[in-house]
Amino acid sequence: MLRTHHCGQLTKGDLGKRVTLAGWVRFYRDHGGVLFYDIADSHGSTQAVFDPEATTSGDLDRLEGVLNSIGREYVVAVTGTVRDRVEGTTDPRNPTGEIEVLIEDAEVLNRSKPIPFEVAEQKNSMLPGEDLRMRYRYLDLRRKEMNANLRFRSRLISSARRFLESEGFMEVETPMLTRSSREGARDFLVPSRTMPGHFYALPQSPQLYKQMLMVGGVERYFQIARCFRDEDSRADRQPEFTQLDLEMSFVDMDDILSMVERMYAFVWKELFNEPLPIPFPRIELKDALSKYGTDAPDVRFGLEMEEVTDLVRAAPYEIFQKVLSKGGMVTCINLKASMLREQDADGAVGRKQVDRLIEWAKGQGMGGLTWMRMTPEGLSSNIVKYFPVEVRKAIAARTAAEPGDLLLFLAGPREGTLKAGGQLRLKLARDLGLLEGKGHQFVWVVSCPLFQRDPATGGLTSFHHPFVRPVGDVIPEGKECATAMGRSYDLVLDGSEIGSGSLRNHDPAMQRRVFSILGMDEATMQREFDFFLEALEYGAPPHGGIGMGIDRLCAMLLGCESIRDVIAFPKNKKFQSLVDGAPTKVEEAKLSELQLLSLAEDDDGA
RNA sequence: GCCCUGGUAGUGUAGCGGCCUAUCAUGAAGCCCUGUCGAGGCUUCGACUCGGGUUCAAAUCCCGACCAGGGCGCCA
């Protein structure tokens, strides 16, 4: 080892020891002869000091020469004696702040060019633009925060792995060069050299492989699986991502949900040393949509929507009547007076803020937003005269309105209105600080349909994917098949979907039936899924599982703005890897070898 | 494919028609300083993304491109 201790290690218990530290020079200070260096590694930082009056090294001139050549982020090894700090010069913020190393020898292990942005923690955030951080990702990773993020991710995976192994799960790797399918997202294709004109696809998930592992008798499988989907990025989505993928045989839905819950409880204990309440609440999809306006609800604050369509039917309020006549709906959020922070409480949310909300609602594609305020005398607002007293009372009762509460109504086509209401909830929660101090909350979203209508084609598509086993193992005949429900479940954390799974079809006849409802004829089934349908023919056990997004999970638990902060080498919005410049053009010869011809516009002149 | 936001020294920012020979901080280079710890003091260096246009005058307004991010679509 080039060092005897790491930089977060030394304390008063080490006084008098002769030690060698190695690390990066984060700061240095020259007091006209007395030189201070903060030597940092991934464990911490330790102050090393050169004191010409105290140092007894043989060759002071050489040592001073070395020390004076050192710049920021130089990699150095210093050897010296651990000593107590001078009275009043300890640094209580640093675990090693009570001691320092008196430098007796120093060596520059490597130099550094002036760094393009700050690696050291600064008081005022000077975090550079993301493109620069990506380009010099190795420097970005040297930052304490990024180092901690990667460490957290590693511990989370390690903890989950230990739990699953203790439960008898087997970690199995599945191929990265896989069969392309027309289902799902766009594939990343890889040309085959040995079979010109043929292509592999990078896996969108290990779905079919893990099901075949169940047929293969693995019974309990998991994998930290890299997945690839060639669809546009978001803050919580990039084209290559990591799933904690698992699958179990001879289980029903509750077995899988319970296993996942116990896994997170175990992880929580190890990572946060806190109990995680299990089981997680379950909410039916239709309730999630009507109360939270999304299939991934954040249930940590109130502000649930209450539909009042039936009540306002009796009110001659033109805007609502127009919406109702078109088959639309009216929903209401009660902004409780008790939710307002003290500084806002006296005037509740004023007219000006309501006006701003109305403008915001228009930006969400709504016609506007209607409001009423609850007073001791009942509901009041500029339009309350259009609402008969009985209607007002019924609305107040359904929304549990108390004096001071503000009722916000959205009216319009069902889907868009619920969606806007869901956005309104989140906006209010943000604006009013309702999430401050709130912990994390998992919730299962269950009772999803098997199919949904594709608005473009009018045909049926899978709600989740085609391998979901229907509730009761029954799909109604004819047009009624669209009403079939699936034995599937989504895991949601704080309003983000972090996992999705189901029981699978192990009966090949049922799997064929699903394919055929999705519009696949026998020939297509044969072409795309013959191998899989055949596998099911050979004694496939009942099975099911789940895949959970590790990037998203880590980002949420760490409070990161984007998953890029928990991925060592992420892609930018155009899928470029700025640190190494991928993707690149390749030589003509490489294409020829693969029997490929590029049709991209030739910009070689540039 | 579409919508929104933003591009000012190495980095982070201020300025948003004339007070701009562009602010401040940090950095880099140099000097001073024997107990600091984001050390301090002094000196120096260093920028308006690009191309059109409007105007007597553009970092500032308009149009277009490019770059980055956020979102819609997409993500079985």
Side-chain angles (χ1 to χ4, degrees), chain A residues 26-40 45-55 71-73 83 85-94 96-98 100 102 113-136 139-140 181-187 204-205 207-208 227-239 241 363-365 416 419 423 450-452 454-456 459-468 486 488 497 500 502 514-515 518-520 528-529 549 561-562 564 572-574 576 578 606:
Chain A
R26 208 90 328 149
F27 298 105
Y28 54 88
R29 299 171 286 283
D30 179 352
H31 280 257
V34 181
L35 308 175
F36 297 92
Y37 298 87
D38 293 335
I39 316 286
S45 103
T46 301
Q47 173 164 286
V49 60
F50 171 73
D51 185 343
E53 290 179 358
T55 301
R72 280 191 162 202
E73 295 302 319
R83 71 170 188 184
R85 290 216 188 166
V86 175
E87 181 75 26
T89 63
T90 58
D91 182 0
R93 295 168 300 177
N94 191 339
T96 66
E98 295 208 315
E100 64 191 2
L102 180 65
K113 287 168 64 175
I115 46 180
F117 57 83
E118 295 297 318
V119 170
E121 274 200 322
Q122 294 282 6
K123 192 161 150 196
N124 300 318
S125 170
M126 296 226 326
L127 203 56
E130 242 193 328
D131 43 348
L132 204 67
R133 290 174 56 203
M134 297 297 172
R135 164 130 191 259
Y136 299 99
L139 293 178
D140 193 35
S181 154
R182 289 187 310 163
E183 306 297 308
R186 197 177 292 113
D187 280 327
Q204 297 188 19
S205 81
Q207 184 66 34
L208 295 180
C227 307
F228 304 85
R229 294 179 192 171
D230 189 359
E231 300 290 351
D232 290 353
S233 293
R234 290 288 183 280
D236 63 355
R237 207 168 87 195
Q238 69 153 39
F241 57 99
Q364 295 293 305
K419 196 170 175 183
Q423 293 297 318
L450 210 49
F451 304 110
Q452 63 191 343
D454 180 349
L460 290 178
T461 61
S462 297
F463 189 84
H464 279 113
H465 60 55
F467 312 108
V468 175
S488 60
E497 186 199 304
S500 183
S502 71
V514 171
F515 280 148
L518 293 173
M520 257 184 245
E528 305 264 336
F529 293 107
E561 297 278 314
S562 103
R564 280 170 246 124
N572 71 3
K573 219 178 181 196
K574 273 188 183 161
Q576 293 167 303
L578 260 26

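Note on naming: letters A, B, ... go to the chains in the order of the sequence lines (proteins, then strands), and numbering restarts at 1 for each one.
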Among residues at least two apart in sequence or on other chains, which ones pass salt bridge (charged side-chain N to carboxylate O under 4.0 Å, His left out) with [X]?
| X | answer |
| --- | --- |
| Glu528(A) | Arg182(A) |
| Arg72(A) | Glu118(A) |
| Arg186(A) | Glu231(A) |
| Arg564(A) | Glu130(A) |

Practice problem: At under 4.0 Å between heavy atoms, which parts of nucleotides 27-36 of chain B does protein reach? Answer with one letter per nucleotide, 5' to 3': B base, S sugar-phosphate only, - none. | Solution: SS----BBBB

Quiz prompt | Reading 5' to 3' through nucleotides 68-75 of chain B, protein heavy-atom contacts under 4.0 Å coded B for base, S for sugar-phosphate only, - for none | solution = SSBBBBBB

Roughly, in whole Å, what's the span from [atom1] in [X] to [atom2] in [N]?
| X | N | atom1 | atom2 | value |
| --- | --- | --- | --- | --- |
| Leu132(A) | rG10(B) | CG | C1' | 9 Å |
| Glu528(A) | rA76(B) | CD | P | 15 Å |
| Leu127(A) | rU13(B) | CG | C1' | 14 Å |
| Arg135(A) | rC67(B) | CZ | P | 16 Å |
| Leu35(A) | rG40(B) | CG | P | 16 Å |
| Gln207(A) | rA76(B) | CD | P | 11 Å |

Applying side-chain hydrogen bond (donor to acceptor under 3.5 Å, both in side chains), name anything that partners [X], two or more places apart in sequence or on another chain.
| X | result |
| --- | --- |
| Asp454(A) | Thr457(A) |
| Arg29(A) | Asp38(A), Gln47(A) |
| His464(A) | Ser488(A), Asp490(A) |
| Asp91(A) | Arg93(A) |

Restricting to non-hydrogen atoms, name the atom on [X] and the atom on [Y] that form the minimum distance, rounded to 0.1 Å.
| X | Y | result |
| --- | --- | --- |
| Pro466(A) | Glu183(A) | CG-OE1, 4.3 Å |
| Arg229(A) | Ser205(A) | NH2-CB, 4.0 Å |
| Asn572(A) | Leu578(A) | ND2-CD1, 3.6 Å |

Spacing of the [atom1] atoms in [M] and [N] (rounded, Å):
| N | M | atom1 | value |
| --- | --- | --- | --- |
| rG40(B) | rC72(B) | P | 45 Å |
| rA22(B) | rA68(B) | C1' | 24 Å |
| rU26(B) | rC16(B) | P | 24 Å |
| rU43(B) | rG17(B) | P | 33 Å |
| rG10(B) | rG46(B) | C1' | 9 Å |
| rU60(B) | rC48(B) | C1' | 10 Å |
| rC50(B) | rU8(B) | C1' | 14 Å |
| rA59(B) | rC2(B) | C1' | 30 Å |

Exercise. Tell me what Asp38(A) touches on the nucleic acid: a base, only sugar-phosphate, or nothing, going by heavy atoms under 4.0 Å.
Key: sugar-phosphate

Practice problem: Quick one: label Pro466(A) by what it contacts on the DNA or RNA (base, sugar-phosphate, nothing), any heavy atom closer than 4.0 Å. | Solution: base

Practice problem: Report the secondary structure of RNA chain B in dot-bracket form, marking unpaired bases with a dot and bases paired to a different strand with |, and treating Watson-Crick or G-U pairs with both distances under 3.5 Å as paired. | Solution: (((((((..(((.....[.....)))((((((.......))))))...(((((..]....))))))))))))....

Quiz item: Partners of Phe36(A) by ring-ring contact (aromatic ring centres under 6.0 Å, His included), sequence neighbours excluded?
Solution: His31(A)

